[in-house]
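One structure is given below, encoded as structure tokens.
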Amino acid sequence: MSSNTTAKLRNYLFGRIIGVEPHEYVAVAWSFGYFFCVLSSYYILRPVREMFAVGSGPTTVPWLFTGTFAVMMVATPIYGWVASRFPRRTFLPWVYLFFISNILIFWFLFSSYIQDGTDHIWLGRVFFVWLSVFNLYVVSVFWSFMADIYSRDQGRRLFGFITAGGSIGALIGAAVTSALVVKIGFENLFPISAAVLAFAIICIRQLRKWVAVEHVSDILEPVETDKPLGGNPFAGITHVFKSNYFIGIATSSIVASLLGTALYMFATQMVQDSIPGDNTRTEFFSNINLVTNLLALIGQMFIVRQVVGRFGIGRSLALLPIVSVIGFIVLALDPVLGVVALLTIARRSVGFSFSKPATDMLYSVVTPEDKYKTKNFIDTAIYRFGDVIGTWSVNFMLALGIAGVSYAMLPFAAVWFTVSLWLGRDYKRQAIALKDKGVA
């Protein structure tokens, strides 16, 4: 095959099907690899967190998420202070170095406890809270960075494919855990996770170089600037309540978390009753993650760009509420572990394929400060606030049974559907306003 034919085939594949233009190949490749590392690192450890949730007992889950929310409320102003005082090119790598050091500390502690035969249930609970903070921060920082270096038009074309990098990473991370946990023990998954996350720092450095050379003229206040974001460290909190747009995003996040935690609590209760052993339970949750991310990958690679381009962001956001309504009706009619697992897979795969990329596109029309501070607050503290509401509400409603709780979730899903369509319309309004100002 001639080089000319190869180039045409490559341009067709990446341009027509995926939506990547030739000058974007390098940046998209590093972005793809960056998200691969972030989610692969997390999904290696996520089943360990679920194992500890089951071992700790379903009744402790509300307390675990309450503790997570409390940590988020402390961490948010600290992160806001760092973002206000240091240039993005400085603090982004340090966020990941901080979490890598934490992973290695947990590895040392778990290994020591297991070797000494010491009970590690409380260490497991601390780890649950830590990982629940970790996963939201590393993903939120990633998407803040993406919204910072890509224009609005690029985000619509590229975010679906970039998200697929995360799904492949999650798929491989889940597969690694499923294949190794019984053989090497959950504690020895930690250094593998840390090594994968370390490569994300290399990706950040390469993307910074690309922005400085190829893309700096298209973006206001690019990530390579020496200028800190400035502003108030609490701006991420205050800006949410000054904007209906951000209130809409926050409302969607809370409802999504409410429905997700209901399923999570159903699963922990059923797994505790039917699956024995820490490593076997870890393997079960890992298999759910494996199937979820395989389906999400297909959607992100080949479907999301077409759906967003044809139907718009609002309707794309509305897909997950629709799936939730149908799924909870089915679960109410047949409340068994198999249906819980299938609904979990369906919601997560649709969420990762459509809702997450579309939600991140919403931030392409806001200021750099809001991309890092307000988005981070919504993605972390607000999301975990939804977990707190969800876990305690479901805990009190469990007397109704799984069927009763499932029916109670339906009105919330309907509200979520309505808010999603409104967000799509307001996004268009803000995009037009930016275009009138001459901003890409």
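Here the structure is a predicted model, which means the values were calculated and not measured.
Residues passing the ring pair (Phe, Tyr, Trp, His ring centres under 6.0 Å) test with Trp107, sequence neighbours excluded: none. Under the ring pair (Phe, Tyr, Trp, His ring centres under 6.0 Å) criterion, Trp94 pairs with no residue at all, not counting sequence neighbours. Considering only residues two or more places apart in sequence or on other chains, Asp370 meets the salt bridge (Lys or Arg N to Asp or Glu O under 4.0 Å) condition with none of them. Residues forming a ring pair (Phe, Tyr, Trp, His ring centres under 6.0 Å) with Tyr96 (at least two apart in sequence, or on another chain): Tyr34. Listed by chain and number, the residues in a salt bridge (Lys or Arg N to Asp or Glu O under 4.0 Å) with Glu187 amount to none (sequence neighbours excluded). With sequence neighbours excluded, the residues forming a ring pair (Phe, Tyr, Trp, His ring centres under 6.0 Å) with Phe134 are Phe99, Trp130, listed by chain and number. Partners of Arg348 by salt bridge (Lys or Arg N to Asp or Glu O under 4.0 Å), not counting sequence neighbours: none found.
Ring-plane geometry between Phe110 and Phe190 is classed as tilted, the angle between the planes lying from 30 to 60 degrees on a 0 to 90 degree scale.
Going from atom CG of Leu39 over to atom CD1 of Ile172 covers 11.5 Å, rounded to the nearest 0.5 Å. Within the model, atoms CZ of Phe106 and OG of Ser101 stand 10.5 Å from one another, a figure rounded to the nearest 0.5 Å. Considering CG of Leu362 and CD1 of Ile249, their distance stands at 4.5 Å, rounded to 0.5 Å. Residue Ser31 holds its OG atom at 10.5 Å from CD1 of Ile204, rounded to the nearest 0.5 Å. How far CG of Leu64 is from CZ of Phe127: 12.5 Å, rounded to the nearest 0.5 Å. To the nearest 0.5 Å, atom CD1 of residue Ile44 and atom CG of residue Leu197 are 10.0 Å apart.
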Quick one, Thr391 with Trp63, criterion side-chain contact (heavy atoms from CB on, under 4.5 Å). Give me CA distance, side-chain angles, the key distance, then yes/no. CA-CA 9 Å; Thr391 50; Trp63 291 106; over 6 Å; no
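Ring pair Phe186/Phe52: centre-to-centre distance below 6.0 Å.
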Under 3.5 Å, side-chain donor or acceptor atoms of residues 402-414 against the rest of the protein: list the pairs with distances, not counting sequence neighbours.
unit_1, atom_1, unit_2, atom_2, d
Ser406, OG, Ile402, O, 2.8

Would you be so kind as to tabulate the donor-acceptor pairs closer than 3.5 Å made by side chains of residues 321-347, with sequence neighbours excluded?
unit_1, atom_1, unit_2, atom_2, d
Ser324, OG, Leu320, O, 2.9
Ser324, OG, Arg347, NE, 3.0
Thr344, OG1, Val340, O, 2.7

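A donor atom on one side chain and an acceptor atom on the other are found under 3.5 Å apart for Ser41 and Ser193.
Applying the ring-ring contact (aromatic ring centres under 6.0 Å, His included) test to residues at least two apart or on different chains, the pairs with a partner in residues 247-292 are Phe65-Tyr264. Sorted by first and then second residue, the salt bridge (charged side-chain N to carboxylate O under 4.0 Å, His left out) pairs involving residues 34-51 (not counting sequence neighbours) are Arg46-Glu50. Sorted by first and then second residue, the side chain to side chain donor-acceptor pair (under 3.5 Å) pairs with a member in residues 248-263 read Ser257-Asp387; sequence neighbours excluded.
A heavy-atom distance below 4.5 Å is not found between the side chains of Val38 and Tyr42. Within the 4.5 Å cutoff, side-chain heavy atoms of Pro62 are placed close to those of Met265. Inter-residue side-chain proximity for Phe69 and Tyr383 is flagged as unmet; no heavy-atom pair is nearer than 4.5 Å. Contact check for Pro93 versus Arg208: side-chain heavy atoms found under the 4.5 Å cut-off. Within the 4.5 Å cutoff, the side chain of Val366 has heavy atoms near those of the Phe246 side chain.
Using a distance-only test at 3.5 Å, with no hydrogens or angles considered, no donor-acceptor pair links the side chain of Ser40 to the main chain of Cys37. Panel note: side chain Thr177, backbone Gly173; a donor-acceptor pair is recorded below 3.5 Å.
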